[in-house]
Amino acid sequence: MTGFKLLARRWVLAALALTAAGTVVGTPARAATLEEIKARGYMVVATEDDYKPFEFLEDGKPTGFDNELLVELRKFVPFEIRQEIIPWSGILAGVASGKYDMALTAVIITKPRMETLAFTTPIADATHFYVKRKDDASIKEIKDLAGKKVGVQTGSAQLDKLPELQVMLDKTGGKLGEVVQYGSYPEAYQDLALGRLDYVVNTIINLRSLVKDKPEVFELGQAVSGRTVPAWAIKKGNTELVELINAFLAEQKKNGNLAKLQEKWFGQSFPDLPVHFEP
């Protein structure tokens, strides 16, 4: 892959808005065992601010699928949950290093990530698709992506799984074009709309939300990966905390709230999600 470019993420205003809304930003924290979390009286979860429909800001306040589940999680656990909303680029490293107790965001389960992280029960199906400009007649199917410029988020599973798209292109003699990395997906979508990119790769859930919001600008393409699923991430070895969060998710599934929130935010529920997923 050539032409990699990193764009800085503009998130300061969002962080200030969250501070005004009472969200904890910048609180020192370390990953701890469940026993230690109970003893200190709180756990710290890290979320994003610009990953619709999982997590985003509306009128300066965090909302979306994960944030609605966070409301229920606070009722379930016997301790306080402090939320830090930060750029995606710092979330997984923060959990792996022990700065945060959990990444309460849609983290795609991959083998490399399983080396340092443990994952909860999957929360959705997030197979990767491409999206293009609606008026771009040059792209009709996978083979037409050959040689074209693609946008993805820095440090994302979508970036890591681009070789799967290359395998698809190999079948028609095509090659992956320039790959441009972005700090956040809204930046990539903006460049796509302006013609600076030819297509963007993201999960089916995120792209359906994008096309629903701007059907006159964007058009959903085809799958460019095998099945992928997101889950919440916890530092590897913190088994008791994983079990507690899985118990919460099992309750949400049993009482129907998980399916309700999936329908609300994703347009469909996922009753066949595995309890454990091996990529």
Side-chain angles (χ1 to χ4, degrees), residues 1-7 51 54 88-89 91-92 96 103 105-117 119 122-134 136-185 187-189 191-193 195-211 218-231 233 266 268 270 272-274 276-279:
M1 302 178 190
T2 60
F4 276 59
K5 178 176 63 176
L6 178 63
L7 300 182
Y51 196 54
F54 287 99
W88 162 254
S89 59
I91 289 182
L92 297 189
T105 186
V107 184
I108 300 297
I109 301 175
T110 67
K111 287 184 178 180
R113 288 174 177 173
M114 292 178 73
E115 294 177 4
T116 56
L117 301 169
F119 290 91
I123 55 177
D125 187 305
T127 298
H128 300 164
F129 278 62
Y130 73 84
V131 67
K132 71 180 189 72
R133 287 186 305 282
K134 190 170 185 178
D136 185 356
S138 70
I139 299 177
K140 296 183 175 64
E141 53 187 315
I142 295 293
K143 69 179 182 63
D144 300 326
L145 302 179
K148 294 187 180 294
K149 187 182 294 186
V150 55
V152 291
Q153 187 176 44
T154 300
S156 66
Q158 291 86 329
L159 176 63
D160 292 340
K161 290 175 75 68
L162 281 180
E164 292 188 23
L165 173 56
Q166 180 60 68
V167 171
M168 297 179 186
L169 293 173
D170 285 342
K171 295 177 181 179
T172 58
K175 294 295 181 182
L176 196 66
E178 180 182 357
V179 179
V180 184
Q181 297 184 58
Y182 291 82
S184 69
Y185 267 107
E187 293 173 308
Y189 299 148
D191 273 4
L192 177 59
R196 296 169 182 162
L197 294 173
D198 297 304
Y199 66 105
V200 169
V201 170
N202 201 350
T203 74
I204 180 63
I205 290 173
N206 299 95
L207 295 184
R208 278 178 178 165
S209 177
L210 173 70
V211 173
F218 301 110
E219 183 176 294
L220 184 65
Q222 299 170 297
V224 294
S225 78
R227 188 183 193 188
T228 60
V229 296
F266 309 147
Q268 68 177 106
F270 303 99
D272 64 339
L273 285 175
H276 303 286
F277 180 78
E278 289 292 331

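Source: prediction; values computed, not measured. Just so you know, residue 1 is the first one in the sequence shown, and it goes up from there.
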*Of all heavy-atom pairs between Thr110 and Ala157, which one has the smallest distance, and what is that distance?*
CG2-CB, 4.0 Å
*OG1 on Thr228 to CD1 on Ile109, rounded to 0.5 Å*: 9.5 Å
*CZ/Phe54 to CD1/Ile205 distance, rounded to the nearest 0.5 angstrom?*
4.0 Å
_Contact summary for Met114 and Pro279, nearest pair of heavy atoms_ = SD-CD, 3.6 Å
*Roughly how far apart are Gln153 CD and Ser89 OG, rounded to 0.5 Å?*
8.0 Å
*asked:* Students often mix this up, so state it plainly: with edges at 30° and 60°, are the rings of Phe266 and Phe270 parallel, tilted or perpendicular?
replied: tilted
*Taking side-chain contact (heavy atoms from CB on, under 4.5 Å) as the test, write out the residues that go with Val211, two or more places apart.*
Val131, Phe218, Leu220
*Are the side chain of Asp191 and the backbone N or O of Ala188 linked by a donor-acceptor pair below 3.5 Å?*
no
*Closest non-hydrogen atom pair, Pro122 against Leu273*: O-CD1, 3.8 Å
*Considering all heavy atoms of both residues, which atom of Ser156 and which atom of Tyr185 are nearest to each other, and what is their separation?*
OG-OH, 4.2 Å
*How far apart are the closest heavy atoms of Glu141 and Gln222, and which atoms are they?*
CA-OE1, 3.2 Å
*Glu178 side chain to Gly151 backbone, donor-acceptor under 3.5 Å*: no
*Measuring from Thr172:OG1 to Leu145:CG, what's the distance to the nearest 0.5 Å?*
9.0 Å
*Do Lys132 and Val200 come within less than 4.5 Å of each other through their side chains, counting heavy atoms only?*
no
*asked:* With a 3.5 Å distance limit and no angle check, can you tell me whether Asp198 reaches the backbone of Val150 through a side-chain donor-acceptor pair?
replied: no
*Roughly how far apart are Thr116 OG1 and Leu92 CG, rounded to 0.5 Å?*
7.5 Å
*For Lys148, enumerate each residue passing the salt bridge (Lys or Arg N to Asp or Glu O under 4.0 Å) test, keeping only those at least two apart in sequence or located in another chain.*
none
*Set of residues satisfying side-chain hydrogen bond (donor to acceptor under 3.5 Å, both in side chains) with respect to Thr203, sequence neighbours excluded*: Asn206
_So, taking the atom named CG in Asp125 and the one named CD in Gln268, what distance separates them when rounded to the nearest 0.5 Å?_
7.5 Å
*State, yes or no, whether a side-chain contact exists between Phe119 and Arg113 at a heavy-atom distance under 4.5 Å.*
yes
*Counterpart residues, side-chain hydrogen bond (donor to acceptor under 3.5 Å, both in side chains), relative to Tyr189 (two or more places apart)*: Asn202
_Residue Glu278 excluded, over 12 heavy atoms near CD under 6.0 Å_ = no
*For Leu192, does its backbone N or O pair with a side-chain atom of Tyr199 as donor and acceptor, under 3.5 Å?*
no
*Please check if the side chain of Arg227 supplies one atom and the backbone of Thr127 the other of a donor-acceptor pair under 3.5 Å.*
no
*Please report the closest heavy-atom contact between Ala126 and Pro230, naming both atoms and the distance.*
CB-CD, 3.6 Å
*Does anything in residues 151-163 pair up under salt bridge (Lys or Arg N to Asp or Glu O under 4.0 Å), and if so which pairs, sequence neighbours excluded?*
Lys161-Glu164
*Decide yes or no on side chain to side chain contact (heavy atoms under 4.5 Å, CB included) for Ile142 and Val224, but give the supporting numbers first.*
CA-CA 8 Å; Ile142 295 293; Val224 294; 3.7 Å; yes
*Is the side chain of Gln158 donor-acceptor paired with the backbone N or O of Val152 at a distance under 3.5 Å, no angle test?*
no
*Please list, chain by chain and in numerical order, all residues satisfying ring-ring contact (aromatic ring centres under 6.0 Å, His included) with Tyr130, sequence neighbours excluded.*
none
